[in-house]
Peer 1: 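My questions all concern the structure below.
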Amino acid sequence: MTETKRRRVMLKLSGEAFGGGQLGVNPDVVSALAREIAEAAKSVEIAIVVGGGNFFRGAELSQRGMDRGRADYMGMLGTVMNALALQDFLEQAGAATRVQSAISMTQVAEPYIPLRAERHLEKGRVVVFGAGAGLPYFSTDTVAAQRALEIGADVVLVAKNGVDGVYSDDPRVNPDAVKLDRVSYQEALTKGLKVVDSTAFSLCMDNGMPMQVFGMEPAGSVTRAILGEAIGTLVVN
Ligand code: UDP
(Lines give C-alpha, C1' and ligand atoms only; values in the text may rest on other atoms or scores of the structure.)
Protein backbone atom coordinates (compact mmCIF):
# COMPACT_ATOMS: atom_id res chain seq x y z
CA MET A 1 0.00 0.00 0.00
CA THR A 2 1.45 3.39 -0.93
CA GLU A 3 1.14 6.12 1.67
CA THR A 4 0.64 9.66 0.46
CA LYS A 5 3.41 11.88 1.76
CA ARG A 6 2.13 14.47 4.20
CA ARG A 7 3.05 18.11 4.02
CA ARG A 8 5.98 18.90 6.34
CA VAL A 9 6.50 22.48 7.49
CA MET A 10 9.02 24.37 9.57
CA LEU A 11 7.31 27.09 11.61
CA LYS A 12 9.43 29.90 13.03
CA LEU A 13 7.91 31.63 16.07
CA SER A 14 9.66 34.68 17.46
CA GLY A 15 9.99 35.30 21.18
CA GLU A 16 7.45 38.10 20.83
CA ALA A 17 4.82 35.44 20.09
CA PHE A 18 5.31 34.09 23.62
CA GLY A 19 5.42 37.22 25.70
CA GLY A 20 2.56 39.09 24.04
CA GLY A 21 4.89 42.11 23.91
CA GLN A 22 6.09 41.65 27.52
CA LEU A 23 9.13 40.05 29.13
CA GLY A 24 8.62 36.33 29.79
CA VAL A 25 5.83 33.97 28.82
CA ASN A 26 2.14 34.91 28.73
CA PRO A 27 0.20 31.64 29.25
CA ASP A 28 -2.98 32.94 27.59
CA VAL A 29 -1.09 33.93 24.45
CA VAL A 30 0.88 30.67 24.24
CA SER A 31 -2.21 28.59 24.91
CA ALA A 32 -4.11 30.22 22.01
CA LEU A 33 -1.12 29.74 19.73
CA ALA A 34 -0.77 26.09 20.77
CA ARG A 35 -4.43 25.42 19.96
CA GLU A 36 -3.89 26.78 16.45
CA ILE A 37 -0.86 24.56 15.92
CA ALA A 38 -2.52 21.45 17.42
CA GLU A 39 -5.46 21.86 15.03
CA ALA A 40 -3.16 21.86 12.00
CA ALA A 41 -1.03 19.01 13.40
CA LYS A 42 -3.90 16.61 12.68
CA SER A 43 -2.97 16.64 9.00
CA VAL A 44 0.47 18.29 8.64
CA GLU A 45 3.91 17.36 10.03
CA ILE A 46 5.04 20.37 12.05
CA ALA A 47 8.54 21.26 13.26
CA ILE A 48 8.99 24.53 15.12
CA VAL A 49 11.98 26.74 15.86
CA VAL A 50 11.31 29.15 18.70
CA GLY A 51 12.98 32.52 19.21
CA GLY A 52 13.90 34.04 22.53
CA GLY A 53 13.62 37.80 22.14
CA ASN A 54 11.01 37.92 24.95
CA PHE A 55 13.88 37.06 27.31
CA PHE A 56 17.25 38.15 25.91
CA ARG A 57 18.89 39.11 22.66
CA GLY A 58 22.63 38.64 22.76
CA ALA A 59 23.40 41.61 20.50
CA GLU A 60 21.45 43.97 22.78
CA LEU A 61 23.12 42.68 25.96
CA SER A 62 26.56 42.95 24.38
CA GLN A 63 25.87 46.58 23.43
CA ARG A 64 25.33 47.14 27.13
CA GLY A 65 28.70 45.71 28.08
CA MET A 66 28.34 41.92 28.21
CA ASP A 67 30.57 39.51 26.37
CA ARG A 68 28.72 38.66 23.14
CA GLY A 69 29.20 34.89 23.28
CA ARG A 70 27.95 34.66 26.85
CA ALA A 71 25.02 36.93 26.11
CA ASP A 72 24.11 34.81 23.09
CA TYR A 73 24.09 31.69 25.27
CA MET A 74 21.63 33.48 27.56
CA GLY A 75 19.52 34.18 24.49
CA MET A 76 19.62 30.50 23.54
CA LEU A 77 18.58 29.44 27.04
CA GLY A 78 15.60 31.79 26.74
CA THR A 79 14.46 29.92 23.64
CA VAL A 80 14.45 26.67 25.65
CA MET A 81 12.01 28.19 28.16
CA ASN A 82 9.73 29.13 25.28
CA ALA A 83 10.04 25.62 23.85
CA LEU A 84 8.97 24.08 27.17
CA ALA A 85 6.04 26.47 27.52
CA LEU A 86 4.90 25.66 23.99
CA GLN A 87 5.29 21.92 24.63
CA ASP A 88 3.10 22.19 27.70
CA PHE A 89 0.27 24.01 25.95
CA LEU A 90 0.53 21.82 22.85
CA GLU A 91 0.12 18.72 25.01
CA GLN A 92 -2.88 20.34 26.74
CA ALA A 93 -4.34 20.99 23.29
CA GLY A 94 -3.99 17.29 22.44
CA ALA A 95 -0.83 17.29 20.32
CA ALA A 96 1.98 14.82 21.07
CA THR A 97 5.18 16.84 21.28
CA ARG A 98 8.94 16.48 21.63
CA VAL A 99 11.46 19.21 22.41
CA GLN A 100 15.00 18.90 21.06
CA SER A 101 17.73 21.21 22.28
CA ALA A 102 20.94 22.16 20.51
CA ILE A 103 22.59 22.58 23.94
CA SER A 104 22.63 19.36 25.95
CA MET A 105 20.27 19.40 28.92
CA THR A 106 18.94 15.88 28.95
CA GLN A 107 16.62 16.38 31.91
CA VAL A 108 14.50 18.90 30.03
CA ALA A 109 14.85 18.04 26.35
CA GLU A 110 16.17 15.47 23.92
CA PRO A 111 19.41 16.39 22.18
CA TYR A 112 19.09 17.61 18.61
CA ILE A 113 19.11 14.44 16.49
CA PRO A 114 17.73 15.19 13.01
CA LEU A 115 16.86 11.60 12.07
CA ARG A 116 15.00 11.15 15.35
CA ALA A 117 13.19 14.44 14.74
CA GLU A 118 12.05 13.11 11.37
CA ARG A 119 10.82 9.91 13.00
CA HIS A 120 8.79 11.96 15.50
CA LEU A 121 7.26 13.93 12.64
CA GLU A 122 6.33 10.76 10.77
CA LYS A 123 4.57 9.58 13.92
CA GLY A 124 2.54 12.77 14.03
CA ARG A 125 4.43 14.45 16.88
CA VAL A 126 5.11 18.16 16.81
CA VAL A 127 8.87 18.72 17.23
CA VAL A 128 10.00 21.93 18.90
CA PHE A 129 13.65 22.91 18.48
CA GLY A 130 15.15 24.96 21.32
CA ALA A 131 18.56 26.58 21.96
CA GLY A 132 18.88 27.76 18.37
CA ALA A 133 21.89 26.23 16.65
CA GLY A 134 23.83 26.14 19.91
CA LEU A 135 26.17 28.69 18.35
CA PRO A 136 26.66 32.34 19.26
CA TYR A 137 26.25 34.95 16.49
CA PHE A 138 23.35 33.02 14.94
CA SER A 139 19.68 33.97 14.93
CA THR A 140 16.74 31.63 15.23
CA ASP A 141 15.57 32.72 11.72
CA THR A 142 18.76 31.19 10.35
CA VAL A 143 18.29 28.08 12.48
CA ALA A 144 14.76 27.67 11.10
CA ALA A 145 16.17 27.73 7.55
CA GLN A 146 18.96 25.27 8.43
CA ARG A 147 16.71 22.81 10.29
CA ALA A 148 14.11 22.99 7.49
CA LEU A 149 16.78 21.94 5.02
CA GLU A 150 18.15 19.20 7.24
CA ILE A 151 14.80 17.55 8.01
CA GLY A 152 13.44 18.00 4.48
CA ALA A 153 10.61 20.45 5.18
CA ASP A 154 8.56 21.69 2.22
CA VAL A 155 8.57 25.32 3.35
CA VAL A 156 9.73 27.66 6.13
CA LEU A 157 6.74 29.52 7.60
CA VAL A 158 7.84 32.70 9.37
CA ALA A 159 5.09 33.95 11.71
CA LYS A 160 5.42 37.67 12.49
CA ASN A 161 3.89 39.94 15.11
CA GLY A 162 2.72 43.35 14.00
CA VAL A 163 3.40 42.87 10.27
CA ASP A 164 1.58 40.62 7.81
CA GLY A 165 4.23 39.94 5.18
CA VAL A 166 7.16 41.41 3.29
CA TYR A 167 6.77 45.05 2.21
CA SER A 168 8.47 46.97 -0.60
CA ASP A 169 10.08 49.16 2.09
CA ASP A 170 9.88 49.52 5.88
CA PRO A 171 6.14 50.26 6.44
CA ARG A 172 6.88 52.01 9.76
CA VAL A 173 9.09 54.53 7.95
CA ASN A 174 7.64 54.73 4.43
CA PRO A 175 3.82 55.20 4.26
CA ASP A 176 3.91 54.29 0.54
CA ALA A 177 5.33 50.82 1.23
CA VAL A 178 3.13 48.07 -0.20
CA LYS A 179 2.80 44.45 0.82
CA LEU A 180 4.24 42.02 -1.73
CA ASP A 181 2.43 38.74 -2.50
CA ARG A 182 5.64 37.29 -3.86
CA VAL A 183 9.28 38.41 -3.84
CA SER A 184 12.57 36.81 -4.82
CA TYR A 185 15.33 36.19 -2.29
CA GLN A 186 17.64 38.22 -4.50
CA GLU A 187 15.32 41.24 -4.39
CA ALA A 188 14.75 40.92 -0.65
CA LEU A 189 18.51 40.84 -0.08
CA THR A 190 19.35 43.62 -2.52
CA LYS A 191 16.71 45.93 -1.08
CA GLY A 192 17.76 45.03 2.47
CA LEU A 193 14.21 44.00 3.43
CA LYS A 194 14.90 43.09 7.03
CA VAL A 195 11.70 41.28 7.95
CA VAL A 196 13.79 38.09 8.11
CA ASP A 197 17.57 37.86 8.73
CA SER A 198 19.72 38.09 5.61
CA THR A 199 21.59 34.90 6.57
CA ALA A 200 18.29 33.01 6.64
CA PHE A 201 17.29 34.48 3.27
CA SER A 202 20.60 33.54 1.66
CA LEU A 203 20.63 30.00 3.08
CA CYS A 204 17.15 29.41 1.64
CA MET A 205 18.12 31.06 -1.65
CA ASP A 206 21.23 28.91 -2.08
CA ASN A 207 19.30 25.72 -1.40
CA GLY A 208 15.98 26.46 -3.13
CA MET A 209 13.91 26.40 0.07
CA PRO A 210 10.70 28.47 -0.21
CA MET A 211 9.68 30.75 2.65
CA GLN A 212 6.30 32.20 3.55
CA VAL A 213 6.23 35.27 5.79
CA PHE A 214 2.84 36.00 7.35
CA GLY A 215 1.22 37.79 10.28
CA MET A 216 -0.07 35.98 13.36
CA GLU A 217 -3.17 38.19 13.38
CA PRO A 218 -6.10 37.67 12.94
CA ALA A 219 -6.63 34.50 15.01
CA GLY A 220 -6.49 31.40 12.84
CA SER A 221 -3.66 32.69 10.63
CA VAL A 222 -1.10 30.21 11.97
CA THR A 223 -3.43 27.27 11.26
CA ARG A 224 -4.19 28.59 7.77
CA ALA A 225 -0.53 29.03 6.87
CA ILE A 226 0.38 25.57 8.14
CA LEU A 227 -2.45 24.02 6.11
CA GLY A 228 -1.05 25.69 2.99
CA GLU A 229 -3.08 28.85 2.45
CA ALA A 230 -1.18 31.54 0.56
CA ILE A 231 -1.41 34.30 3.17
CA GLY A 232 1.37 36.86 3.61
CA THR A 233 4.30 36.84 1.21
CA LEU A 234 5.95 33.95 -0.60
CA VAL A 235 9.73 34.33 -0.91
CA VAL A 236 11.31 32.17 -3.62
CA ASN A 237 14.18 32.17 -6.11
N1 UDP B 1 20.91 32.85 19.61
C2 UDP B 1 22.21 32.45 19.31
N3 UDP B 1 22.41 31.41 18.45
C4 UDP B 1 21.38 30.76 17.84
C5 UDP B 1 20.05 31.23 18.10
C6 UDP B 1 19.85 32.26 18.99
O7 UDP B 1 23.17 32.99 19.83
O8 UDP B 1 21.62 29.82 17.07
C9 UDP B 1 20.70 33.87 20.65
C10 UDP B 1 20.92 35.29 20.17
O11 UDP B 1 21.49 36.03 21.23
C12 UDP B 1 19.51 35.77 19.91
C13 UDP B 1 18.74 35.09 21.01
O14 UDP B 1 19.36 33.80 21.12
O15 UDP B 1 19.41 37.16 19.99
C16 UDP B 1 17.25 34.94 20.77
O17 UDP B 1 17.01 34.50 19.45
P18 UDP B 1 16.37 35.47 18.34
O19 UDP B 1 16.90 36.86 18.51
O20 UDP B 1 16.56 34.83 17.02
O21 UDP B 1 14.85 35.41 18.79
P22 UDP B 1 13.58 36.16 18.17
O23 UDP B 1 14.02 37.49 17.62
O24 UDP B 1 13.06 35.29 17.09
O25 UDP B 1 12.64 36.28 19.32
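Counting convention: from 1, in listed order, for ligands and their atoms alike. This is a predicted model, so every value here is computed, not measured.
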Peer 1: Asn174 side chain to Asp176 main-chain N or O, any donor-acceptor pair under 3.5 Å?
Peer 2: yes
Peer 1: Using distance alone, with no hydrogens and no angle criterion, decide if Ser184 and Asn237 have a side-chain donor and acceptor under 3.5 Å apart.
Peer 2: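 Per modelled atom types, Ser184 and Asn237 side chains form no pair under 3.5 Å.
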Peer 1: For side chain to side chain donor-acceptor pair (under 3.5 Å), just list the numbers for His120 and Glu110, CA-CA rounded to whole Å, side-chain angles, deciding distance to a tenth of an Å, and then say yes or no.
Peer 2: CA-CA 12 Å; His120 289 320; Glu110 289 180 3; 3.1 Å; yes
Peer 1: Identify, with sequence neighbours excluded, every residue that meets side chain to side chain donor-acceptor pair (under 3.5 Å) alongside Asn26.
Peer 2: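 If we apply the side chain to side chain donor-acceptor pair (under 3.5 Å) test to Asn26, skipping adjacent residues, there are no hits.
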Peer 1: Using the side chain to side chain donor-acceptor pair (under 3.5 Å) rule, take Lys12 and Thr140 through it: C-alpha gap first, then chi angles, then the decisive distance, then the call.
Peer 2: CA-CA 8 Å; Lys12 161 69 210 293; Thr140 51; 3.1 Å; yes
Peer 1: Do Arg68 and Tyr73 form a cation-pi contact, if we require the NZ or CZ to be under 6.0 Å from the six-membered ring centre and within 45 degrees of the ring's axis?
Peer 2: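 Output no; distance or angle outside limits.
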Peer 1: For ligand 1, give me the residues whose heavy-atom distance to it is below 4.0 Å, by chain and number please.
Peer 2: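 Contacting ligand 1 under 4.0 Å are Lys12, Ser14, Gly15, Gly51, Gly52, Gly53, Phe56, Arg57, Gly58, Asp72, Gly75, Met76, Gly132, Ala133, Leu135, Pro136, Tyr137, Phe138, Ser139, Thr140, Val143.
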